[in-house]
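Reading through the structure tokens given below for one structure.
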There are 2 protein chains.
Amino acid sequence: MPSTPYQQLKQYLVNNISVDDEQLAAFCKKFRHKTTKRNEVLLQAGDVCPYIYFVNSGCLRIYMLDVNGKESTRFLVTEGRFGTAFPSFNLQEPSLAAIQSIEPSDVLYISHYDFNQLLDTFPGWEHLYRIGLEKDYIASIKRIESLITMDARQRYQLLMETNPALIQKLPSKIIADYLGVSQETLSRLKSKK
Amino acid sequence: MPSTPYQQLKQYLVNNISVDDEQLAAFCKKFRHKTTKRNEVLLQAGDVCPYIYFVNSGCLRIYMLDVNGKESTRFLVTEGRFGTAFPSFNLQEPSLAAIQSIEPSDVLYISHYDFNQLLDTFPGWEHLYRIGLEKDYIASIKRIESLITMDARQRYQLLMETNPALIQKLPSKIIADYLGVSQETLSRLKSKK
DNA sequence: GCCGCTTATTGACATTTGTCAATAATTTAC
DNA sequence: GTAAATTATTGACAAATGTCAATAAGCGGC
């Protein structure tokens with residue numbers, strides 16, 4: 001167990017950029033710490049998203065809710081990763097998506113203002129952010145490809161291959177709307193071999 | 001008509017970062033110029049993508065071809081924008097997607113090596129790239145949302161609202177696989193009101 | 001540990017979308 | 001300008017997926 005809630009973030013930083021202890025401390029100082037309950041909502045749709053989160057443990061879900069109450073999961077943010085309602089956080093405009101913690105989670109968060117200040121102050125921070133953006137962008141491209149080229153069964157199989165832990169960990173209701181299929185269809189895919 | 005093929009790129013740069021003429025010249029020197037024919041293939045699937053392109057005029061299409069010969073358009077890159085087979089260019093691994101110029105086009109291109117050299121040499125370049133990544137990432141998030149929450153008709157209507165020029169300009173066959181629907185389905189959407 | 005709520009499964013059916021095929025309309029290449 | 005190739009449209013049907021409903025199973029909160 002890490003002695004402070006900042007251990008994992010520091011590890012993430014040293015893995016991705018060259019940074020000395022002093023800078024690490026300066027970065028961490030901008031982050032606040034929070035534990036959440038199961039299904040706690042961190043951002044309501046319609047609000048401007050003020051924070052970007054780093055997940056120490058647990059799982060955040062970025063999701064949309066349509067007028068009929070149907071939910072769609074845009075992204076899942078697991079341990080050791082950054083996540084936010086990106087378009088809202090980046091542009092500081094009202095969010096289409098909400099953020100909830102699916103399970104009790106332990107997170108750090110930094111405000112948009114402080115985040116930008118780090119960008120302007122430390123070139124290393126911009127580099128780190130850029131690397132993260134590249135990875136997330138590539139992940140989103142792969143997701144688009146799976147959505148336009150594969151049927152429901154193929155997408156489910158792909159997820160089983162690339163991220164079986166997610167399927168284990170999350171209720172299949174959420175896996176279903178992450179894949180863009182109904183709960184019933186996913187249930188049938190799983191049973192009918 | 002611009003006097004050199006670099007006019008538009010320069011305009012793009014000054015719009016996005018503060019940069020002096022000397023730097024502009026240094027940036028442009030890294031780009032080569034090329035005109036393409038209709039349907040010319042710039043990258044074959046399976047090859048590592050060596051370049052990122054800036055489109056002066058015309059249109060590039062990043063697309064995938066499955067074993068049955070079905071094509072899916074991952075992205076369309078129009079005038080005044082950067083584009084490449086991003087995962088391959090970024091990771092320098094074989095590309096799932098191919099690149100073609102749908103129509104006769106006028107493009108600039110820079111190698112992965114030179115691009116990274118600019119990143120390392122000019123903080124302004126990393127900033128510019130980061131801003132571009134943010135925009136492209138947001139666009140891809142919106143595309144994912146449209147794919148998981150909307151049916152074919154809604155996606156088509158969205159495209160008509162957000163980018164009617166694309167629908168005008170491109171054959172509906174390509175619009176169809178960009179939307180992730182068959183040509184016939186799109187044709188029916190258009191006729192049946 | 002139990003109650004109650006949420007989630008998962010299954011069936012019947014409706015709807016959407018895809019596939020195949022034939023034909024018409026366009027467009028390209030020469 | 002014309003022939004050939006590509007693209008678009010339409011019909012008939014098949015396949016995939018969604019919706020609604022009923023029931024079963026699982027799990028969280030106390």
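The chains referred to below are lettered A, B, ... by the order of the sequence lines, with proteins before strands, and numbering in each begins at 1. FYI, side chains are in, hydrogens and waters are out, and symmetry mates aren't considered; it's all heavy atoms of this structure.
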Ranking B:Pro171 and A:Arg38 by the position along DNA chain D of their nearest nucleotide, the one closer to 5' is B:Pro171

Is it true that [Y] and [X] share a donor-acceptor pair across their side chains at a distance under 3.5 Å?
X: A:Asp106; Y: A:His33; result: yes
X: A:Arg61; Y: A:Thr73; result: yes
X: A:Asn90; Y: A:His112; result: no

[X] has an atom [atom1]; how far is it from atom [atom2] of [N], in whole Å?
X: B:Lys190; N: C:dA25; atom1: NZ; atom2: C1'; answer: 13 Å
X: A:Glu184; N: C:dA8; atom1: CD; atom2: C1'; answer: 9 Å
X: B:Met150; N: C:dT16; atom1: CE; atom2: P; answer: 16 Å
X: B:Leu189; N: C:dG18; atom1: CG; atom2: C1'; answer: 13 Å
X: B:Leu170; N: C:dT27; atom1: CG; atom2: C1'; answer: 15 Å
X: B:Lys173; N: C:dT28; atom1: NZ; atom2: P; answer: 13 Å
X: A:Gln100; N: C:dT6; atom1: CD; atom2: C1'; answer: 13 Å
X: A:Asp177; N: C:dA8; atom1: CG; atom2: P; answer: 11 Å

Note: chain B reaches DNA chain D at heavy-atom distances under 4.0 Å over the stretch, first to last nt, 5' to 3', of D:dT7 to D:dA12

Between A:Glu134 and A:Arg130, does at least one N-O distance fall below 4.0 Å, as a salt bridge requires?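 A:Arg130 and A:Glu134: salt-bridged.
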
Is there a side chain to side chain contact (heavy atoms under 4.5 Å, CB included) between B:Tyr53 and B:Leu60? Walk through the geometry before answering.
CA-CA 9 Å; B:Tyr53 295 89; B:Leu60 300 186; 3.7 Å; yes

Same hydrophobic cluster for A:Tyr129 and B:Ile138, using side-chain heavy-atom links shorter than 4.5 Å among ILVMFWY?
yes

**Request:** With heavy atoms under 4.0 Å as the rule, sort B:Ser182 into base, sugar-phosphate or nothing.
**Result:** base

- Message: Tell me if the centroids of the rings in B:Tyr137 and A:Phe86 come within less than 6.0 Å of each other.
- Response: yes

Could you check whether B:Phe54 and B:Tyr12 have their ring centres less than 6.0 Å apart?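 Centroid separation for B:Tyr12 and B:Phe54: below 6.0 Å.
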
Note down the inter-axis angle between the two ends of the helix from C:dG1-D:dC30 to C:dC30-D:dG1, five pairs each, to the nearest 10°.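 Here the helix ends are tilted 80° relative to one another.
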
Listed pairs under 3.5 Å, donor-acceptor, residues 39-52 of chain A side chains, sequence neighbours left out:
from    : atom 1 : to      : atom 2 : distance (Å)
A:Glu40 : OE1    : A:Lys37 : N      : 2.8
A:Glu40 : OE2    : A:Lys34 : NZ     : 3.3

